[in-house]
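Notes to accompany the following structure.
This one's a predicted model, so the numbers in the text were calculated from it and none came from an experiment.
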Amino acid sequence: QVLLVESGGGLVQPGGSLRLSCAASGRTFSSYRVAWFRQAPGKEREFVAHISRSGGSLYYADSVKGRFTISRDNAKNTVYLEMNSLKPEDTAVYYCAATDSIGVRIRGHEYDYWGQGTQVTVSS
């Protein structure tokens, strides 16, 4: 069992940057692959980024590739999502999720644990 809590969301202007954090509680955090998802009002939840257990393998959705960076610090039980060159289309509630399955996972149902989400609003 692992509990996830997101933080760092807020209001930012287009072109700005924001860093989200996902803090985990659990004695086996390093054994989980972690991903970020987002969901805007009236839209379906979509995959954003994925990171392997060691942090050596990264995978991004095409919509954020080159602008977002996912990383993790297992000593701090924390996963991060650094967001740069933000666009209004990035506005959504952002969730982190964890799974102990093998390989890259981009579907929400493939994840066992979810945080409560943090709101990101990109507006001038």
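Ser31 meets the side chain to side chain contact (heavy atoms under 4.5 Å, CB included) test with Thr28; sequence neighbours excluded. Arg19 pairs by the salt bridge (Lys or Arg N to Asp or Glu O under 4.0 Å) definition with nothing, not counting sequence neighbours. The side-chain hydrogen bond (donor to acceptor under 3.5 Å, both in side chains) check on Lys65 picks up Asp62, with sequence neighbours excluded. Scored by the side chain to side chain contact (heavy atoms under 4.5 Å, CB included) test, Ser7 finds Ser21 as partners (sequence neighbours excluded). Remark: Arg38 engages Glu46, Asp90 in a salt bridge (Lys or Arg N to Asp or Glu O under 4.0 Å) (not counting sequence neighbours). With sequence neighbours excluded, the residues satisfying ring-ring contact (aromatic ring centres under 6.0 Å, His included) with Phe37 are Phe47, Tyr111, Trp114.
From Ser85, atom OG reaches atom CZ of Phe68 across 9.0 Å, with rounding to the nearest 0.5 Å. Considering CG of Leu58 and OG1 of Thr69, their distance stands at 8.0 Å, rounded to 0.5 Å. The line from CZ of Arg33 to CD of Glu110 is 11.5 Å long, rounded to the nearest 0.5 Å.
Of the possible donor and acceptor atoms, none in the side chain of Gln39 sits under 3.5 Å from a partner among the backbone N and O of Ala92. Side-chain N or O atoms of Ser101 include none that pairs as donor or acceptor with a backbone N or O of Thr99 at under 3.5 Å. The closest donor-acceptor contact from the side chain of Gln116 to the backbone of Val5 lies at 3.5 Å or more, if one exists at all.
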*Candidate pair Ser25 and Asn77, rule side chain to side chain contact (heavy atoms under 4.5 Å, CB included), full reasoning*: CA-CA 7 Å; Ser25 61; Asn77 279 11; 6.0 Å; no
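Linking ILVMFWY residues whenever their side-chain heavy atoms come closer than 4.5 Å, directly or via other members, places Leu86 and Ile70 in the same cluster. Put simply, Val34 and Val64 are part of the same group of oily side chains (I, L, V, M, F, W, Y) that touch within less than 4.5 Å, one to the next.
Between Ser17 and Val12, every side-chain heavy-atom pair lies at or beyond the 4.5 Å cut-off. The shortest side-chain heavy-atom distance between Trp36 and Val79 falls under the 4.5 Å cut-off. Inter-residue side-chain proximity for Tyr32 and Ile51 is flagged as unmet; no heavy-atom pair is nearer than 4.5 Å. Between Arg67 and Met83 the shortest side-chain heavy-atom distance does not fall below 4.5 Å.
When all heavy atoms of Pro14 and Ser124 are compared, the closest pair comes out as CD-N, 3.6 Å. Contact detail for Ala40 and Thr91: the closest heavy-atom pair is CB-O, 3.6 Å. Gly9 approaches Thr118 most closely through the heavy-atom pair N-OG1, 3.2 Å. When all heavy atoms of Tyr59 and Val104 are compared, the closest pair comes out as CD2-CG1, 3.7 Å. Residues Ala24 and Leu4 share a closest heavy-atom pair of CB-CD2, 3.7 Å. Gln119 and Val93 get closest at one heavy-atom pair: OE1-CG2, 3.3 Å.
Geometric assessment of Arg72 against the ring of Phe29 yields a positive cation-pi assignment under the 6.0 Å and 45° thresholds.
Within 6.0 Å of atom OH in Tyr113, more than 12 heavy atoms from other residues, nucleotides or ligands are found, so the atom counts as buried in its surroundings.
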